[in-house]
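Heads up, the thing below is written out as structure tokens.
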Amino acid sequence: MTIRIYNTLSKRKEPFEPIEAGKVRMYVCGPTVYDSCHLGHARSAVVFDVIARYFKAMGFDLIYVRNFTDIDDKIINRANQLGVDSRALAEKFIGEFHEDMDALNVERPTIEPKATDHIDPIIRLIEKLIEKGIAYLVDGDVFYSVDQFEEYGKLSGRKLKDMEAGARVEIDRRKHNSFDFALWKSAKPGEPAWNSPWGKGRPGWHIECSAMSTKYLGRTLDIHGGGKDLIFPHHENEIAQSEGAFGKPFARYWIHNGFININQEKMSKSLGNFMTVKEILKSYHPESVRLFLLSNHYRSPIDFNEKAIGEASVSLDKIYALLERLEEKFGLNSDSCDHPENDTFKEKFFQAMDDDFNTALGIGILFDLVRNTNRLMDENKDMISPEIKKMILSYRTQILEMGDILGILYESPKSYFDRKKNQSLQETSTDAALIEKMVKEREKARRQKDWATADQIRKTLIEMNIILEDRPEGTVWKVCN
RNA sequence: GGCGGCAUAGCCAAGUGGUAAGGCAGCGGUCUGCAAAACCGUUAUUCACCAGUUCGAAUCUGGUUGCCGCCUCCA
């Protein structure tokens, strides 16, 4: 099977053909580290994490580069506000980013370069653009001349003459064209600065990605990704810089993920409705967050609200409940796997992923499989034949393999449910020992067929947000979602 | 003003030419002392609206309406 990818450049799905057989070179724009990361960062990271996992699962040798923009106006402003060093500020938020992404089970990219570690290649690239007459120097600033790059606008589908220049931004009169952008900014007093042929200064926003992607992945990338908002001007400018300098296609496939809304409203700093990853993880399991993020296609907008994330949480419970059921029946430890005999579900799942990483469809297939497995268990309650057992174990393996691509189902069911219990009990300051005691009392009443007492205890527990399951082996209690 | 996207059941959401996945919620059933969980059945003759292409369209074309994004830093 071939992977098909929607390419922003061509506006259609195309079969993925790597430059070098069996290899994928992918560059994704990472965060500007001036603040804690929010759900939007998480979506981008999770989406490309799943893409990376899938390429690896398909046997590709993947080099995945995701940068940190650690020098920028926003960082400088923030550092000044807080009265701290801009480097220290950037380091702090890089650390936070790693913490949050690790918590979300996002695997680290192969390389995570920082702009400030690549000032030399950035300067060399700017020099090349000046040599070629594509960039020009004005008072220590270097600008890119968009008029020198005929294909400017090809990614975002804009033409220079159609855009209302400076509609919302004051035009810098020193620019030849108002869409020219800074490659190098001269330093103002007190700002962090590096020496350059044009005096002290720092790189513009876009140039770092061109310089670093070339250094680690070559002049033509297989895949370049990021949030939709980066299409213009950031990625358009990267193309202009790299193709202007090297005369080769910059990236073959452009992948862009959609935005997150909060209660139907665009999530933004100015509206003050952004959710940080840390906040969400206080109330929800990281895998619930992943399942939520992956339940819509990556290019579609996704609305974050309590109901939606709550449903993702319930769905995840359902899968873990099945895994727990299987573990109890077959005494599996979490990593025991038989080879799938009949892996039709897995095949379907992979087909879904092949079609532009359709995780929403894939999750549907996962639930189909969960239902089928539960059914097999129900139908063979009393006696499980070796054939049926083999099939059930094969289903289990397939569930875990799908989970591996989605980055979920990494916990043992026991620790998953224990963790949920503890989190919820803490929030409501309920005592687990008390619940255990009440459950025992109820079991005693049930043995004596004292249904009235038993039902009364159950009712009280429901009011405490505790739900009971009377299984053949005994009563199990869980926390309601 | 320019560019682009979306509109599928009560809700969320897949589905780009062959007769509507999956989840949540609801209802009926199996199981159960009763529940819960799980499973089974059921819930869109229909995919915003109008016209067209086609043997056949949610899927293609044209138009209408509504919502949204980008064009300024943003994942």
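In this text the structure is predicted, and so the values were computed from the model without any measurement.
Taking the side chain of A:Arg371 as heavy atoms from C-beta on, and the options B:G4, B:G22, B:A14, the nearest nucleotide is B:G22. Closest contact between the side chain of A:Ile260 and the listed nucleotides B:A14, B:A75, B:G22 involves B:A75. Taking only side-chain atoms of A:Asn358, from C-beta outward, the nucleotide of B:A14, B:C73, B:U16 with the closest atom is B:A14. Closest to the A:Trp205 side chain, of the nucleotides B:C70, B:A75, B:C73, is B:C73.
Look at the C1' atom in both B:C67 and B:C49: the space between them is 15 Å, to the nearest Å. Rounded to a whole angstrom, the distance from the P atom of B:U19 to that of B:C24 is 26 Å. Across the P atoms, B:C11 and B:U53 are found 34 Å apart, a figure rounded to whole Å. Look at the C1' atom in both B:A44 and B:G33: the space between them is 40 Å, to the nearest Å. Going from the P atom of B:U43 to that of B:G23 covers 15 Å, rounded to whole Å. The P atoms of B:A7 and B:U59 are separated by 11 Å, rounded to the nearest whole Å. Distance noted for atom C1' between B:A21 and B:U8: 12 Å (whole Å). Taking the P atoms as reference points, B:A35 lies 10 Å from B:G29, given to the whole Å.
For the atom pair NZ (A:Lys414) and CD (A:Glu324), the distance works out to 9.5 Å, reported to the nearest 0.5 Å.
For the OP1/OP2 pair of B:C39 and a distance below 4.0 Å, the side-chain nitrogens and oxygens of A:Asn374 include at least one atom meeting the criterion. Of the side-chain N and O atoms in A:Ser44, none sit less than 4.0 angstrom from OP1 or OP2 of B:C74. The side chain of A:Lys266 contributes an N or O atom lying less than 4.0 Å from OP1 or OP2 of B:C70. An OP1 or OP2 oxygen of B:A13 is reached within less than 4.0 angstrom by a side-chain nitrogen or oxygen of A:Asn296. Under 4.0 angstrom from either OP1 or OP2 of B:C40 there lies at least one side-chain N or O belonging to A:Arg375.
Residue-environment remark: NZ (A:Lys420) exceeds the threshold of 12 foreign heavy atoms within 6.0 Å.
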Give me the distances for all protein-to-nucleotides 24-34 of chain B N/O pairs that come in under 3.5 Å?
from, atom 1, to, atom 2, distance (Å)
B:C24, O2', A:Glu311, OE2, 3.1
B:G33, O6, A:Arg446, NE, 3.1
B:G33, N1, A:Asp455, OD1, 3.0
B:G33, N2, A:Asp455, OD1, 3.3
B:G33, N2, A:Asp455, OD2, 2.6
B:C34, O2, A:Arg458, NH1, 3.4
B:C34, O2, A:Arg458, NH2, 2.3
B:C34, N3, A:Arg458, NH1, 2.9
B:C34, N3, A:Arg458, NH2, 3.4
B:C34, N4, A:Asp470, OD2, 3.1

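As rounded to whole Å, 20 Å separates atom P of B:A75 from atom CG of A:Asp303. Put simply, CZ on A:Phe259 is 15 Å from C1' on B:C6, counting in whole angstrom units. In this structure, CZ of A:Phe181 is placed 12 Å from P of B:C73, rounded to the nearest angstrom. Taking atom CD1 of A:Ile392 as the reference point, atom P of B:C39 lies 13 Å away to the nearest angstrom. When the P atom of B:G15 is taken as reference, atom NZ of A:Lys348 falls 15 Å away, rounded to whole Å. One can place CZ of A:Arg158 at 10 Å from P of B:C3, the figure rounded to the nearest angstrom. In this structure, the CG atom of A:Asn261 is 13 Å from the P atom of B:C12, given to the nearest Å. For the pair A:Leu322 CG and B:C39 C1', the computed distance is 12 Å after rounding to whole Å.
Checked for salt-bridge contact, A:Arg108 and A:Asp102 meet the test: a charged N lies under 4.0 Å from a carboxylate O. Taking 4.0 Å as the cut-off between side-chain N and carboxylate O, A:Asp378 and A:Arg375 do not count as a salt-bridged pair. Salt-bridge check for A:Glu191 with A:Lys185: failed, with every basic side-chain N at 4.0 Å or more from each acidic carboxylate O. Under the 4.0 Å criterion applied to side-chain N and carboxylate O atoms, A:Glu14 and A:Arg4 are not assigned as salt-bridge partners. Under a 4.0 Å N-O distance rule, the pair A:Arg202/A:Glu208 does not qualify as a salt bridge.
Across the strands present, B:C34 finds no partner; the criterion is a Watson-Crick or G-U wobble pair with both atom distances under 3.5 angstrom. Across all strands shown, B:A7 forms a Watson-Crick or G-U wobble pair with B:U65, both key distances being under 3.5 Å. Pairing for B:A75 is absent, judged as Watson-Crick or G-U wobble with the two contacts each under 3.5 Å. Here B:C39 sits opposite B:G29 as a Watson-Crick or G-U wobble pair (both hydrogen-bonding atom distances under 3.5 Å). Shown here, B:U46 forms no base pair; nothing in the strands shown gives a Watson-Crick or G-U wobble contact with both key distances under 3.5 Å. With a 3.5 Å ceiling on both atom-pair distances, the Watson-Crick or G-U wobble partner of B:C60 is B:G52. In this entry B:A14 has no Watson-Crick or G-U wobble partner, no candidate having both defining distances under 3.5 Å.
For A:Phe143 and A:His176, the distance between ring centers is not under 6.0 angstrom.
Contacts of A:Met267 with the nucleic acid, taken as non-hydrogen atoms under 4.0 Å apart, include base atoms. Note on A:Gly258: a base of the nucleic acid sits closer than 4.0 angstrom, heavy atoms only. Here A:Gly227 lies in heavy-atom contact (under 4.0 Å) with sugar-phosphate atoms only. Nucleic acid contact for A:Ala360: base, since at least one base atom lies under 4.0 Å from a heavy atom of the residue. Within the 4.0 angstrom heavy-atom criterion, no nucleotide atom of any strand lies near A:His256.
Here the side chains of A:Cys29 and A:His234 are in contact, with some heavy-atom distance below 4.5 Å.
Taking for each of A:Gln264 and A:His206 the nucleotide of RNA chain B with the nearest heavy atom, the 5'-most of the two is the partner of A:Gln264. Nearest-nucleotide assignment on RNA chain B puts the 5′-proximal partner with A:Ile467, out of A:Ile467 and A:Gly30.
Using modelled atom types and a 3.5 Å distance limit, the side chains of A:Gln423 and A:Tyr284 yield no donor-acceptor pair.
Between A:Tyr27 and A:His224, the ring planes are tilted. Angles from 30° to 60° get that label.
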